[in-house]
Amino acid sequence: MSTFSSLCRPALRCLAGIAAVAGLAAGDSKPLTIWWAQWAPADGLQQLSEDFTKSTGIAVKVHQIPWSSYQDQVFLAFGNKTTEFDIVVGDSQWIGRGATKGLYLNLTSWLPGAVDLKAQNPQVLRYLCEYPGGSGNYWAAPCESDAVGFSYRADWFADPAEKSAFKAKFNRDLAPPATWAEFKDVAVFFHRPEQKRFGCALLTGRGYDSLVMGFQQLLWAWGGSWGDPATFKVTGKLDSPQAAAALGFFKELMAFGPAGATNLDYGKSLEAFTNGSTAMAMNYFAFAPGIAKQMGDKAGFFVMPTQDGRRTISLGGQGLSISAKVPVERQEQAKKFIAWFLTEPVQRQWITKDAGFTANTAILKSEAFRKAAPYNAAFADSLDSLQDFWNVPVYNELLAAAQKRLGEALDGVKTPAAALTELAKEHQDILTDAGLAK
Amino acid sequence: MTTAAAPGGGGRSGSGGWGAAAVVAPALILLIAFNVFPLFYNLILSFTSAELGVEGWTWVGTRNYQRVFERPEYSAALRTTALFVFLAVVCELALGFVLALALHRRFAGKTALLTALLIPMMLPPAVMGLYANLLYDGDYGLLNQIISGFGVAPPQWRTDPAWKLTAVLIVDVWMWTPFMLLISLAALGSVPRHLYEAAEVDRASAWMVFRRITIPLCAPLLALAALLRTTDALKQFDIVMAITGPNDQATQTVSALLYQGLFADGKVGRGSAYACVVLVLVIALATVCTRYLDWLARRQGRGA
Amino acid sequence: MTDHPRLAVAGLTKRFGAIQALAGVDLHVGRDELVVVLGATGAGKTTLLRTIAGLETPDAGSVAFDGAEATSWNPAARDVALMFQDFALYPDWTVRRNLEFPLRAPARRLPESEITQRIAWVAELLAIGHLLDKPSTRLSGGQMQRVALGRALVRRPRLFLLDEPLTNLDAKLRERLRLEIAALRRELHTPMLYVTHDQGEALAMADRIVVLIAGRVAQVGSAEDIYDRPASPEVARLLGHPPINLIAATASDGFWRAGDGTPLAPATATVGSRATIGIRPEHLAPNGGPRPAQIRVVQHHGAYQVATVAWAGGESHVLLPPEAALPIGTELHPSVVQDRALIWPG
Amino acid sequence: MSAARSWDERGAWRWLRFVVLAGYAGIALVPLLWLALTSIKAATDTTSTTARFIPAAESAVSGAASHSFVPTAAGWTGLHTPLPGSPATFLDFLLSSLIIGLASTVAAVALGTVTAYGFSRFRIAGGKDWLFFILSTRFMPPLAVVAPVLLMYQQSGLTGTHLGLILLYTVFNLSLAVWLMKGFIDEIPRAFEESALVDGYTRTQAFFRIILPQARTGMAVTAVFCLIAAWNEYGFALVLGGQGAATVPVWFAGLQGNISGVPWPVVAAGAVLFVTPLVVFAVLVRNHLLRGMTFGTVKG
């Protein structure tokens with residue numbers, strides 16, 4: 001019976017599509033629709049929203065779209081006269097585009113009154129919700145706050161034989177590395193390709209943004225930057241010797257990765273770790289619950305290492321933005337949902353869902369949260385070090401250029417310095433062309 | 001010019017007029033609406049700041065075109081495409097022709113073998129591109145397991161920039177060699193037998209027969225095959241998307257770059273300018289192709 | 001009863017691009033006659049037939065049936081049967097289905113019993129009863145011709161139009177079938193317009209012959225009229241085997257003389273006027289003439305022989321009795337049978 | 001005895017031919033075989049670093065280095081499992097593909113046949129120029145029209161509808177359909193329908209009773225080509241199909257970004273299910289394939 005109904009659904013949808021074209025718009029019984037990428041937190045949000053439906057009678061549907069096409073599908077949908085979604089859980093970089101192109105509803109006058117913003121982590125608020133950063137103009141409310149961190153093989157690190165071998169070689173205890181130099185030592189130590197064991201898996205994928213997210217933490221830590229956010233001056237910053245040194249170090253680490261280490265997207269990095277071959281793997285904490293489930297005690301988590309005492313971490317996660325292209329009454333329902341979602345009791349529920357990472361400082365700081373899952377402490381410790389890539393409207397061009405040029409450096413097509421010099425020039429061009437750089 | 005058919009004269013075959021126009025009009029209107037109109041629309045967009053999802057455009061003059069010629073990615077994508085098309089067509093043609101030579105003679109099971117060889121051509125490139133990732137995987141991929149079996153260190157197909165384009169190319173060659181094989185077989189079949197018999201009488205060597213008879217007589221059809229494949233290979237998008245995604249320096253063909261610009265960056269105006277630049281090349285090629293098809297059809301019509 | 005002809009064509013003109021297919025054709029077919037349109041390939045015969053059938057629209061002129069103006073009628077309304085040169089039988093249909101097809105036309109709405117009856121009638125008439133359930137692709141040429149004819153007959157149209165229906169058959173079959181067709185037509189009393197380039201068919205079948213040359217009617221008449229009194233050298237050339245001898249002549253000394261002075265026929269025209277003289281080979285006696293002629297080629301035709309001789313400044317055909325054994329090079333002295341030379345001044 | 005025959009008798013040539021054919025057939029067909037095998041494996045067997053290609057009962061499978069695997073239908077039943085966060089299963093996408101593929105094929109063949117008939121039987125002003133216009137649209141790269149088409153569709157609400165893709169695929173196949181059908185209809189003698197006209201049928205009746213039955217083969221061949229194109233198309237389906245009219249190629253592409261890795265057995269099962277009908281159709285018309293690929297210039 002279910003087969004039959006599942007076969008019928010698209011047929012009905014087809015008819016509905018034709019009917020819509022003919023101007024026979026269907027009745028307004030559509031649930032409040034949220035679009036998010038296809039991953040565990042979206043499942044959590046769907047479960048959580050049942051409480052909202054119970055208390056308000058408003059049905060909520062969290063529609064998940066594969067990561068590979070999520071961005072494209074969202075912006076394609078914004079091209080339509082109206083969007084299928086009322087709320088989009090948009091990536092942090094999108095906010096400039098959403099804010100300035102009339103896609104996201106401006107929440108500046110509503111959000112501070114409806115949500116206790118002081119309770120939110122200021123870094124998260126700045127990057128996920130404000131545009132321009134620090135301007136006090138809000139276009140989103142925090143949904144999933146995320147950071148890049150590391151998972152490691154706790155069982156290997158605890159193995160007495162490994163411990164003594166490490167001590168003999170490096171004259172210190174084998175432990176999750178605190179600095180990038182230590183990180184490299186550990187990677188070298190565990191890298192044994194003949195046994196199909198590899199030192200580390202970093203984010204280097206050439207798809208959407210994983211290489212940039214993987215590398216920029218080193219860029220900042222080494223003292224480099226993508227450019228001056230005030231003047232949009234890039235040349236002289238992105239092509240600095242510090243940046244080249246960071247990229248050079250990042251490239252060196254490729255030698256201690258699994259086959260294809262120079263092109264690992266989030267899924268591949270995850271796979272390298274969960275298939276049991278890699279000692280340390282970089283990824284967003286949002287994947288940590290999955291890792292913990294699959295690997296159990298074998299997996300541990302640690303915060304991004306430091307360089308010269310500086311710890312900088314790529315921000316991840318998404319904010320809840322309301323589509324500017326849906327009717328006002330739907331926008332009001334959406335606001336109701338957002339306000340409800342960000343109340344503390346709901347946030348306390350949120351953290352019980354897989355990868356339901358809140359931005360609520362009080363919850364994050366609580367011992368209960370830190371102890372609730374093996375990765376929570378590392379996540380909480382990461383938040384104050386978060387930074388983000390450019391979130392200007394042309395972020396995607398900047399991202400695409402960076403992915404390409406950094407990739408060329410990893411592939412050995414260009415030296416790190418040459419790749420960064422070219423990238424700086426391209427970024428400067430893009431920002432100038434967009435009318436941002438003076 | 002034809003005259004309108006007399007009323008009531010609906011049965012006349014020679015007459016043109018409104019009846020005939022009504023028969024062909026729907027197709028022509030559709031083609032104009034979905035091909036000609038968009039082309040002009042595209043041309044207009046190329047002079048604007050149009051963006052995906054953003055209402056209202058402003059005229060920006062030739063700024064989009066300036067960027068097309070200034071920025072490195074455009075010429076890089078053109079070079080990548082040219083290299084890809086050239087390698088794909090040459091490999092497929094050579095392989096297809098060699099296979100056709102081997103398949104040309106009658107033997108038991110020929111039809112079954114030929115049918116099996118033709119299958120890859122009918123498969124969806126997007127799906128085969130995705131599936132290729134399983135075969136290409138550096139760790140568990142079947143291809144590298146086989147290569148390692150020969151004691152050779154296998155390449156990293158999907159991560160080594162020197163091999164990425166090759167990885168795309170192999171899938172394309174796998175899918176489209178059957179096309180070249182089929183046309184080559186037709187070409188070989190069109191060589192009149194009496195020429196071979198005459199050569200036999202003249203005691204010509206096999207190589208001479210091949211060079212002086214087989215190659216020249218097959219050439220027109222092989223050229224057709226190469227032209228058709230060239231125009232198709234220019235559109236290559238599905239396999240690139242599946243194996244490397246649209247934004248990889250090593251495999252960014254014009255289609256991939258355009259996808260990146262239009263749908264990821266949302267820059268419709270600039271993408272349109274780029275499409276116009278590429279279109280000039282495609283129109284030139286299509287013109288050659290249609291003329292050639294016409295010539296070939298007339299040549300066939302004469303009973304060649 | 002008025003006496004309008006079954007078909008009357010007036011001033012019919014049709015042009016295809018640069019080609020003038022019909023240039024003002026006038027023609028009529030009576031209520032019970034077989035008119036043959038004779039013309040060389042490209043003379044416009046098929047266009048004429050197709051225009052009458054309604055498959056082509058004329059540029060000018062009119063077509064009328066029984067006095068009713070029908071130029072703008074569509075083919076179905078004309079109630080004529082057209083038999084195509086290559087029969088146009090539908091492949092993978094049986095003979096029966098092919099025969100039934102015209103009867104089942106929506107315009108006709110015949111009852112089933114009538115259809116059965118007519119098929120039986122035509123099958124007997126043409127002796128094709130044993131073929132009825134065969135697919136039409138499995139018939140011999142002669143059988144296909146009969147079936148095609150049957151498809152035309154079964155309709156009982158007001159007029160038969162036949163477009164070189166015997167061309168694709170072998171010679172023997174052709175000769176037999178043309179007589180059969182003429183006989184059948186007489187039996188049915190339905191008029192027929194029969195188009196051919198074959199003079200033999202025209203002479204054997206026609207009640208009346210219409211000679212079509214370059215889209216114009218060159219002459220209309222009975223077989224004897226056309227053969228004995230052709231209106232022009234072009235018409236004369238269309239009929240007769242071996243072909244008529246045509247010689248350019250000039251009047252002098254009371255004779256039409258060829259270029260070399262050979263006298264061909266008595267002339268009353270003024271000296272120096274020119275004419276084309278036509279002499280049928282059977283009207284050129286081998287001997288008795290003033291000028292010698294050497295035999296170049298001799299062809300045996302059974303009942304007679306045809307000698308090609310060098311005569312009157314050119315080559316002419318002379319008939320010889322079958323038993324005459326004259327080697328090449330033999331000298332003859334051809335003479336024109338009295339009053340049988342045809343003279344076209346100009 | 002022809003020269004060709006005498007080469008055959010030289011053993012070296014025969015061996016070379018055999019090696020070339022066997023070699024290529026092996027290389028070309030192994031991926032297809034592997035695809036079929038993958039569809040009956042468990043997920044872990046598909047990504048094993050030792051290729052597993054021997055189906056075996058459980059007891060026979062031993063160790064990581066084994067080449068055996070236990071066949072399972074998990075990949076096939078997986079086609080019935082909805083994607084996370086969406087009610088759609090593979091079958092929903094397949095139905096979408098079916099609706100779009102069949103409707104656009106029927107439309108393209110019907111329109112192509114009628115148009116080809118018009119060009120074949122009537123003198124149409126500028127007829128040859130129009131035909132070459134139609135041919136030239138085949139070479140139009142999709143990228144030259146995708147942005148305007150997207151904007152047109154977004155304005156008219158055709159994105160995410162089956163109708164939108166049906167229209168688009170119909171138009172894209174029209175060029176080939178008209179040219180192919182013109183070749184086939186040109187081969188049907190005019191006398192067939194003319195004799196029907198004279199026998200009392202209208203032109204429309206003659207078209208349906210005489211031309212269409214005679215053009216059956218041509219229509220079947222054209223349909224196969226249109227179906228292949230519509231069935232396999234990915235770019236426009238991705239951009240215009242949205243969530244409402246996503247076809248199977250889009251479903252496959254979506255799996256690529258799957259965080260938990262690509263479910264290879266499901267992919268393989270889906271691929272086998274998806275390509276089989278097309279391959280069967282194509283094999284049925286294989287004798288005419290050539291004609292379709294060369295716009296009828298080469299009689300297949």
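The figures here come from the full heavy-atom set of this structure, side chains too, leaving out hydrogens, waters and symmetry mates.
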For this session: Indicate yes or no: at least one non-hydrogen side-chain atom of B:F37 is less than 4.5 angstrom from one of D:M152.
Result: yes

For this session: Please look at B:L279 and chain D and tell me whether the side chain, the backbone, both or neither of the residue comes under 4.5 angstrom of a heavy atom of that chain.
Result: side chain

Exercise. Taking every heavy-atom pair that is under 4.5 Å apart, which of B:V201, B:N133, B:V254, B:L262 has the most such pairs with chain D?
Worked result: B:N133

Exercise. Side chain, backbone, both or neither: which part of D:T38 has a heavy atom under 4.5 Å from chain B?
Worked result: side chain

For this session: Under 4.5 Å heavy-atom distance to chain B, tell me which part of D:V267 shows up: side chain, backbone, both or neither.
Result: side chain

Exercise. Once you round to the nearest 0.5 Å, how far does NE2 of D:H67 lie from CD of B:Q145?
Worked result: 8.0 Å

Exercise. For B:L31, is it the side chain, the backbone, both or neither that has a heavy atom under 4.5 Å from a heavy atom of chain D?
Worked result: both

Exercise. Chain D heavy atoms under 4.5 Å from B:A187: which part of the residue, side chain, backbone, both or neither?
Worked result: neither

Exercise. Of the non-hydrogen atoms in D:W264 and B:L130, which two are nearest, and what is the gap between them?
Worked result: CH2-O, 3.2 Å

Exercise. About how many Å separate CG of D:L168 and CZ of B:F34, when rounded to the nearest 0.5 Å?
Worked result: 6.0 Å

Seminar exercise, completed: Of the listed B:L142, B:L258, B:L117, the one with the largest count of heavy-atom pairs under 4.5 Å with chain D is B:L142

Exercise. Tell me, side chain or backbone of B:F107 under 4.5 Å from chain D's heavy atoms, or both, or neither?
Worked result: side chain

Exercise. Can you check whether D:E233's main-chain N or O pairs, donor with acceptor, with B:D238's side chain at less than 3.5 Å?
Worked result: no

Exercise. Looking only at atom types and distance, does a side-chain atom of D:W231 sit under 3.5 Å from a main-chain N or O of B:P124, one as donor and one as acceptor?
Worked result: no

For this session: Measure B:L182 against the heavy atoms of chain D and call it side chain, backbone, both or neither at under 4.5 Å.
Result: both

Exercise. Which distance, rounded to the nearest 0.5 Å, do you find between the CG of B:L118 and the CG of D:L290?
Worked result: 10.0 Å

Exercise. Considering only heavy atoms, which portion of D:V239 lies under 4.5 Å from any heavy atom of chain B: side chain, backbone, both, or neither?
Worked result: side chain

Problem set entry | Beyond-backbone contact of D:F133 with B:L28, side-chain heavy atoms, under 4.5 angstrom | yes

Problem set entry | Interface moiety of B:L95 toward chain D, non-hydrogen atoms closer than 4.5 Å | side chain

Problem set entry | Note, B:M241 side chain near D:L238 side chain (heavy atom, < 4.5 Å) | yes

Problem set entry | B:S272 versus chain D, the contacting section by heavy-atom distance below 4.5 Å | side chain

Exercise. Which of the residues B:I44, B:L101, B:T231 is involved in the greatest number of heavy-atom pairs with chain D at under 4.5 angstrom?
Worked result: B:T231

Exercise. Can you tell me how far CZ of D:R138 sits from CG of B:L293, rounded to the nearest 0.5 angstrom?
Worked result: 11.5 Å

Problem set entry | Region of B:L285 in contact with chain D, defined by heavy-atom distances below 4.5 Å | neither

Seminar exercise, completed: Honestly, the part of B:L30 sitting under 4.5 Å from a heavy atom of chain D is both

Exercise. So do the side chains of D:T47 and B:D137 get within less than 4.5 Å of each other, counting heavy atoms only?
Worked result: no

Exercise. By a 4.5 Å heavy-atom criterion (distance strictly below it), what part of D:F53 contacts chain B: side chain, backbone, both, or neither?
Worked result: neither

Exercise. Do the rings of D:Y234 and B:F237 sit parallel, tilted or perpendicular, given the 30° and 60° boundaries?
Worked result: parallel

Exercise. Relative to chain D, which of B:V268, B:L134, B:V282 shows the most heavy atom pairs under 4.5 Å?
Worked result: B:L134

Exercise. Is there a side-chain contact between B:Y131 and D:F252 (heavy atoms, below 4.5 Å)?
Worked result: no

Problem set entry | Atom pair NE2 (B:H104) and CZ (D:R17), whose distance is rounded to the nearest 0.5 Å | 10.0 Å

Seminar exercise, completed: The reported gap from OG1 in D:T294 to CZ in B:F179 (rounded to nearest 0.5 angstrom) is 7.5 Å

For this session: Please flag which part of B:D294 lies under 4.5 Å from any non-hydrogen atom of chain D: side chain, backbone, both or neither.
Result: both

For this session: Return the option, out of D:V248, D:I27, D:T46, D:L174, with the maximum number of heavy-atom pairs under 4.5 Å with chain B.
Result: D:L174

For this session: Look at B:V36, B:L99, B:L185 and state which one has the largest set of heavy-atom pairs under 4.5 Å with chain D.
Result: B:L99

Problem set entry | Note, D:L150 side chain near B:L52 side chain (heavy atom, < 4.5 Å) | yes

For this session: Among D:L278, D:L16, D:V30, D:I134, single out the residue with the greatest number of heavy-atom pairs under 4.5 Å to chain B.
Result: D:I134

Problem set entry | Contacting moiety of D:F18, where chain B heavy atoms sit under 4.5 Å | neither

Problem set entry | Any side-chain heavy-atom pair of D:L32 and B:L123 under 4.5 Å | yes

Problem set entry | Note, D:L21 side chain near B:L103 side chain (heavy atom, < 4.5 Å) | yes

